[in-house]
Amino acid sequence: QVQLVESGGGSVQAGGSLRLSCAASGSTDSINCMSWFRQAPGKERGGLARIYAGDGSTYYAGSVKGRFTISQDKANNTVTLQMNNLKPEDTAMYYCAARWLPPSSGVCGLVRYLYNYWGQGTQVTVSS
C-alpha cells in the first residue's frame, strides 16, 4: 500500500502563487507515475499535471500549462506542484494521485480511473 499526504493549500489573491507538496510513504517502489488532479464543487475531478519517475517527463493540461510546474524529489518520495499566476477558476480541492505504469505501456496519462492511490486533498482558494 501507498499513502499520499498533500500539503501547502491555502487562500491567495488572483495573480499569487502557492506550492503544493505530496509526500508518498509505504510501498513507494510500486508507483512510478504521480499526478495532480483537482475538483471544484459540482464539477468532475480533472487531471492537471503528471510526472513519470523513470525519466522525469511531465505533461500538463492546457488550463494550467505555463502556470503550473510539477517536479519530483525522488530521495524524499515527494512531488510538488508550483502554481503561479493563480486565477479564481483555480479554486478547488487539489488531490495527489499515484499509479504504476508497466514498462513499454506508453505514458502515465491523466485518466482518473487508472490511478489507484489518492491523497485526502488540500483546498486552494483564489480570490479576485
Side-chain angles (χ1 to χ4, degrees):
Q1 289 293 317
V2 174
Q3 295 77 43
L4 303 175
V5 178
E6 303 98 334
S7 62
S11 297
V12 66
Q13 289 191 324
S17 299
L18 283 173
R19 185 178 180 89
L20 306 183
S21 292
C22 174
S25 61
S27 303
T28 55
D29 287 345
S30 66
I31 58 174
N32 59 4
C33 289
M34 294 189 73
S35 297
W36 287 94
F37 289 72
R38 71 183 178 191
Q39 186 170 18
K43 294 189 176 181
E44 295 285 323
R45 188 174 301 188
L48 302 175
R50 63 89 174 152
I51 188 164
Y52 175 55
D55 59 9
S57 60
T58 59
Y59 175 82
Y60 298 91
S63 59
V64 304
K65 192 172 184 179
R67 298 189 299 126
F68 292 10
T69 302
I70 189 170
S71 60
Q72 62 180 350
D73 179 348
K74 288 186 177 180
N76 293 306
N77 293 313
T78 300
V79 170
T80 61
L81 185 69
Q82 177 67 41
M83 306 186 296
N84 298 327
N85 191 23
L86 283 161
K87 305 175 181 180
E89 52 264 42
D90 293 318
T91 295
M93 185 71 78
Y94 283 67
Y95 297 91
C96 177
R99 61 171 291 213
W100 172 259
L101 178 71
S104 304
S105 297
V107 297
C108 297
L110 289 172
V111 180
R112 186 178 65 183
Y113 70 83
L114 293 177
Y115 287 82
N116 48 339
Y117 299 110
W118 292 85
Q120 293 299 307
T122 185
Q123 178 69 36
V124 171
T125 302
V126 185
S127 58
S128 57

Report, as yes or no, whether the 6.0 Å neighbourhood of atom CD on Q120 holds more than 12 heavy atoms from other residues, nucleotides or ligands. no
Which atom of T91 lies closest to which atom of V126, heavy atoms considered: OG1-N, 2.9 Å
Side-chain heavy-atom pair Q1, S27 within 4.5 angstrom cut-off: no
If I take atom OH from residue Y60 and atom CD1 from residue I51, how far apart are they, to the nearest 0.5 angstrom? 7.0 Å
Can you tell me how far CG of L81 sits from OG1 of T122, rounded to the nearest 0.5 angstrom? 11.0 Å
For L101, is there any backbone N or O sitting under 3.5 Å from a side-chain donor or acceptor partner on N32? yes
Residues C22 and M34: closest non-hydrogen pair is SG-CE, 3.8 Å
When rounded to the nearest 0.5 angstrom, what distance separates OG in S128 from NZ in K87? 13.5 Å
Is L20 reachable from V12 through a run of hydrophobic residues whose side-chain heavy atoms are each under 4.5 Å from the next? yes
Taking all heavy atoms of V124 and all of G9, pick out the closest pair and write down the distance. CG2-CA, 4.2 Å
Report the distance from atom CZ of F68 to atom CG of N85, rounding to the nearest 0.5 Å. 9.0 Å
Just by distance, do the side chain of R19 and the backbone of G8 share a donor-acceptor pair under 3.5 Å? no
Least distance between heavy atoms, A40 atom then A92 atom: N-CB, 3.8 Å
Between atom OH of Y115 and atom SG of C108, what is the distance when rounded to the nearest 0.5 Å? 5.0 Å
Any side-chain donor-acceptor pair under 3.5 Å between S71 and T80? yes
Which heavy atom in Y95 sits nearest to a heavy atom in R45, and how many Å separate them? CZ-NH2, 3.3 Å
Return the OG1 to NZ distance between T28 and K74, rounded to the nearest 0.5 Å. 12.0 Å
Exercise: identify the closest heavy-atom pair between V2 and S30: CG2-OG, 3.5 Å
Decide yes or no for C96 and W36: does some side-chain heavy atom of the first lie under 4.5 Å from some side-chain heavy atom of the second? yes
R112 charged N/C atom sitting above F37 aromatic ring, 6.0 Å / 45°: no
Test side chain to side chain donor-acceptor pair (under 3.5 Å), reference Y94, set Q39, Q123, R38, E6, output is R38
Report yes or no: does R50 contribute a side-chain atom to a donor-acceptor pair with the main-chain N or O of S57 at less than 3.5 Å? yes
Verify side chain to side chain contact (heavy atoms under 4.5 Å, CB included) between Y59 and V107, making sure each step is shown before the conclusion. CA-CA 10 Å; Y59 175 82; V107 297; over 6 Å; no
Quick one: do V64 and L110 end up in the same hydrophobic cluster if we chain Ile, Leu, Val, Met, Phe, Trp and Tyr together by side-chain heavy atoms under 4.5 Å apart? no
